[in-house]
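Report on the following structure.
Note that this is a predicted model, so its numbers are computed, not measured.
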Amino acid sequence: GLLGKDRDGNVVDLAQHRGKIVVVTFWASWCGPCRKELPGLEALQQHAGDKLLKVIAVNVKDSTEDYRLMMRQMRGFTMAMTRDRDGKISEGYDVQAFPNLWIIDPRGKVAAHHVGYGEDSLDALVDEINGIIAAEQQRQKAAAATAGAASTGALRTSRRTGAAATGAETGASCGVTGGVIGVVGT
């Protein structure tokens with residue numbers, strides 16, 4: 001799904017971030033809880049880095065003046081900031097209230113959806129992301145074990161034919177690495 005263009009004019013698409021956990025939040029400048037959530041999400045992005053997690057903040061229907069003011073206030077933010085001028089992107093996510101946050105797992109599936117923001121929202125978000133990381137690591141271990149079993153069979157076959165098989169030839173892969181994301185102060 002297309003999420004608009006970033007500050008540099010580049011199209012931001014969820015598909016670009018397959019293999020990462022993606023947090024998408026829809027927000028507006030007039031929304032007080034949104035303005036509290038955004039610095040917390042930025043701290044999360046900075047702490048986790050870009051390899052494991054991508055936070056995308058989609059501004060919905062703000063006037064050009066309000067949007068520019070908010071972008072000046074958040075000029076040091078590293079998370080992706082996009083704009084949904086006419087509300088068509090947010091309509092695709094059935095956004096009725098703000099902030100409206102979606103967590104997408106590394107395989108591109110919706111892992112969680114939250115509306116609103118409270119004092120414990122960031123802690124809960126970190127817990128959910130850590131749960132997704134743990135599940136993805138388990139999935140990858142299982143896939144590696146399956147690939148290992150397949151490569152063992154391929155190696156036996158190769159021995160019979162006299163050819164050697166390497167890990168690269170048997171389809172070994174890697175994905176989410178690293179560990180738990182810690183709670184960061186805001």
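- Closest approach of Ala28 to Asn59, counting heavy atoms only: CA-ND2, 4.0 Å.
- Taken from CG in Asp127 to CD1 in Ile132, the straight-line distance is 11.0 Å, to the nearest 0.5 Å.
- Among pairs with a residue in residues 88-105, those fulfilling salt bridge (charged side-chain N to carboxylate O under 4.0 Å, His left out) read Asp105-Arg107, at least two apart in sequence or across chains.
- The two residues Asp86 and Lys61 make their nearest non-hydrogen contact at O-CE, 3.5 Å.
- The other members of the hydrophobic cluster of Val24, by chain and number, are Leu3, Val12, Leu14, Val22, Phe26, Trp30, Ile56, Val58, Val60, Ile89, Tyr93, Val95, Phe98, Trp102, Ile104, Val110 (side-chain heavy atoms under 4.5 Å, ILVMFWY only).
- Gln45 contributes a side-chain N or O that, together with a main-chain N or O of Val55, makes up a donor-acceptor pair within less than 3.5 Å.
- The minimum heavy-atom distance between Ser90 and Asp84, with the atom names listed, is N-OD2, 2.7 Å.
- Of the possible donor and acceptor atoms, one in the side chain of Lys20 sits under 3.5 Å from a partner among the backbone N and O of Asp50.
- The two atoms that bring Leu38 and Ala57 nearest to each other are CD2-CB, 3.8 Å, heavy atoms only.
- Annotation: Arg7, atom CZ; neighbour count of heavy atoms from other residues, nucleotides and ligands within 6.0 Å is above 12.
- Under the side chain to side chain donor-acceptor pair (under 3.5 Å) criterion, Ser29 pairs with Asp62, sequence neighbours left out.
- Within the 4.5 Å cutoff, no side-chain heavy atoms of His47 are placed close to those of Leu53.
- In terms of the side chain to side chain contact (heavy atoms under 4.5 Å, CB included) criterion, residue partners of Ala112 (sequence neighbours excluded) are, by chain and number, Ile103, His114, Glu128.
- Qualifying side chain to side chain donor-acceptor pair (under 3.5 Å) partners for Asp13, counting only residues two or more places apart in sequence or in other chains: none.
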>> Between Glu37 and Leu122, is the side-chain contact (heavy atoms from CB on, under 4.5 Å) condition met? List the steps.
In response: CA-CA 8 Å; Glu37 177 190 62; Leu122 186 59; over 6 Å; no
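- Legend: residues meeting side chain to side chain contact (heavy atoms under 4.5 Å, CB included) with Lys36, ordered by chain and number and at least two apart, are Tyr117, Glu119.
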Without placing hydrogens or testing angles, list every side-chain donor-acceptor pair under 3.5 Å for residues 65-78, not counting sequence neighbours.
| residue | atom | partner | partner atom | Å |
| --- | --- | --- | --- | --- |
| Asp66 | OD2 | Ser63 | OG | 3.3 |
| Arg75 | NH1 | Arg72 | O | 2.9 |
| Thr78 | OG1 | Glu42 | OE2 | 2.8 |

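- For Ser121, there are no side chain to side chain donor-acceptor pair (under 3.5 Å) partners at least two apart in sequence or on another chain.
- Pairing each heavy atom of Val115 with each of Ala97, the nearest pair is CG1-CB, 3.7 Å.
- By the side chain to side chain contact (heavy atoms under 4.5 Å, CB included) test, Asp8 is found to be paired with Asp6, Asn10, residues two or more places apart in sequence or in another chain being considered.
- Rounding to the nearest 0.5 Å places CG of Leu125 at 5.5 Å from CG of Leu44.
- Applying the side chain to side chain donor-acceptor pair (under 3.5 Å) criterion to Arg139, with sequence neighbours excluded, gives Glu136.
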